Protein chains: 2
Amino acid sequence: MGGDFDLEAFLPYRLNRAAELVSLRFAVQYKAKYQITRPEWRALAALGFHGRMTATEIGAHSTMHKTKVSRAVKALEAKRWLRRIEDSNDRRTEHLELTVLGQRSYREMAQMAQDYERELALLFGEGGLNQLERGLTALENAMLSGMGKRRPRAGTKQG
Amino acid sequence: MGGDFDLEAFLPYRLNRAAELVSLRFAVQYKAKYQITRPEWRALAALGFHGRMTATEIGAHSTMHKTKVSRAVKALEAKRWLRRIEDSNDRRTEHLELTVLGQRSYREMAQMAQDYERELALLFGEGGLNQLERGLTALENAMLSGMGKRRPRAGTKQG
DNA sequence: ACGTAACGGTTGATTTTGTAACTATCAAGG
DNA sequence: CCTTGATAGTTACAAAATCAACCGTTACGT
């Protein structure tokens, strides 16, 4: 039908589908086990991996809208998984870092993530995985640097 | 910090980000021009590309939850871009097909999509694109066939 | 100092999405 | 036929996402 446009090959379509397939399976696991939402897992991961950072940084880095970050942080704080630390120079910003409890949860989930990754790796072979990763890298570089449009700054649209 | 888990390299994370980056830019275009949502575009594309199909088929094919499809179809119908056709054997199902108006819109958007694709292609070179596509193919095959868990049937979870 | 603008972050309202329950239909058995 | 179970699709309600306005603070020009 219509034209020579191939929907099945259309990149946005394929990427969305792939992202869903891959991340949904994982999300099910940690949701079941830790009762946390995706934004919470993301914030936790960012903090666990990078160490102390501000809410804005988390957002910029994990492409989350600032309100999402704000709520995720609040939830994690309620769980006593992170604490806020005031900045001595600027009283607007607050530095966030995981508590011991939070660190432990992070490690467990990181382990889960690694297991999942391994599962994926042997599921579609090193070859396919490497190709995919290189492709993603190429894409990221192109999109973030090259593209005509300015990239969103911290606290802007997410996705 | 914590363990040898590399968040930046974690596939679900990267794929989500990539999908967002790539499809958001495109979504902005058709939203601005045609006032339709992403599920609507997806349904339109599926119908335009494959011709007549049922709601369930659209969902299965484009990985959309059936309620999403239902609402998208309703919206497209309201725009007079598609019509429902009853099945003579089974009165539960309804076949959907684009009206002339819908077909025209589809063609225009398909053109837009192709332009965007070309833009992407030259942005990160044939090489990167091919790698990415091969990687995606590997992933799709692995996830859909190989995976231990039964794959979602029509009308199940989306993403 | 002072006014204006920008920033970090939070909150409430609106919109979108997913979940679950429902209607109507069909298929298979007994 | 009549029950049981599955299916296609819609709808009501709950959870989540986005949007817009806001507060307190800082930066800057004058």
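This one's a predicted model, so the numbers in the text were calculated from it and none came from an experiment. The chains referred to below are lettered A, B, ... by the order of the sequence lines, with proteins before strands, and numbering in each begins at 1.
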Let me know the distance between NZ of A/K68 and P of C/dT16, rounded to the nearest Å.
-> 16 Å

Just by modelled atom types, is the A/G128 backbone N or O under 3.5 Å from a matching donor or acceptor in the B/R134 side chain?
-> no

Establish, with yes or no, whether the OP1 or OP2 oxygen of D/dT10 is under 4.0 angstrom from a side-chain nitrogen or oxygen of B/S70.
-> yes

C/dT11 OP1/OP2 closer than 4.0 Å to side-chain N/O of A/K74 | yes

Given atom CG of B/L76 and atom P of D/dT10, what is their separation to the nearest angstrom?
-> 12 Å

Strictly below 4.0 Å, heavy-atom distances to any atom of DNA chain C: list the hits from residues 83-90 of chain B, or just say none.
-> B/N89, B/D90

Classify the angle between the aromatic ring planes of B/F49 and A/F5 as parallel (below 30°), tilted (30 to 60°) or perpendicular (above 60°).
-> perpendicular

Picking from D/dC19, C/dG9, D/dT10, which would you name as closest to the side chain of B/K66?
-> D/dT10

Do B/Y30 and B/Q35 meet the criterion of a side-chain donor-acceptor pair at a distance under 3.5 Å?
-> no

Gap between atoms CD and P, on B/E40 and C/dT15 respectively (whole Å) = 15 Å

Hey, does B/R84 have a side-chain heavy atom less than 4.5 Å from the side chain of B/E77?
-> yes

Residues at least two apart in sequence or cross-chain that pass side-chain hydrogen bond (donor to acceptor under 3.5 Å, both in side chains) with B/E117, listed by chain then number, are none

Calculate the interatomic distance between A/E94 atom CD and C/dC7 atom P; express it in whole Å.
-> 18 Å

Along DNA chain C (nearest heavy atom to each residue), the more 5'-positioned of A/R92 and A/T67 = A/R92

Mind calculating the distance between CG (B/L24) and C1' (D/dT18) to the nearest angstrom?
-> 12 Å

Answer with base, sugar-phosphate or nothing: what part of the nucleic acid does A/R71 contact at a heavy-atom distance below 4.0 Å?
-> base

Once you round it to whole Å, what is the distance between P of C/dT17 and NE2 of B/H65?
-> 12 Å

Over 60° means perpendicular and under 30° means parallel, so classify the ring planes of A/W41 and A/F26, tilted if in between.
-> perpendicular

Would you kindly give the CE-to-C1' distance between B/M64 and C/dT19, to the nearest whole Å?
-> 18 Å

In whole angstrom, what separates B/E57's CD from D/dT7's C1'?
-> 13 Å

Residues 7-16 of chain A, side-chain donor-acceptor partners within the protein, below 3.5 Å, at least two apart:
from  : atom 1 : to     : atom 2 : distance (Å)
A/E8  : OE2    : B/H50  : NE2    : 3.1
A/E8  : OE2    : B/H61  : NE2    : 2.3
A/Y13 : OH     : A/R17  : NH1    : 3.3
A/Y13 : OH     : B/H61  : O      : 2.5
A/Y13 : OH     : B/H61  : ND1    : 3.3
A/R14 : NE     : B/E140 : OE2    : 3.3
A/R14 : NH2    : B/T137 : OG1    : 2.9
A/R14 : NH2    : B/E140 : OE1    : 3.2
A/N16 : ND2    : A/P12  : O      : 3.1
A/N16 : ND2    : B/S23  : OG     : 3.3

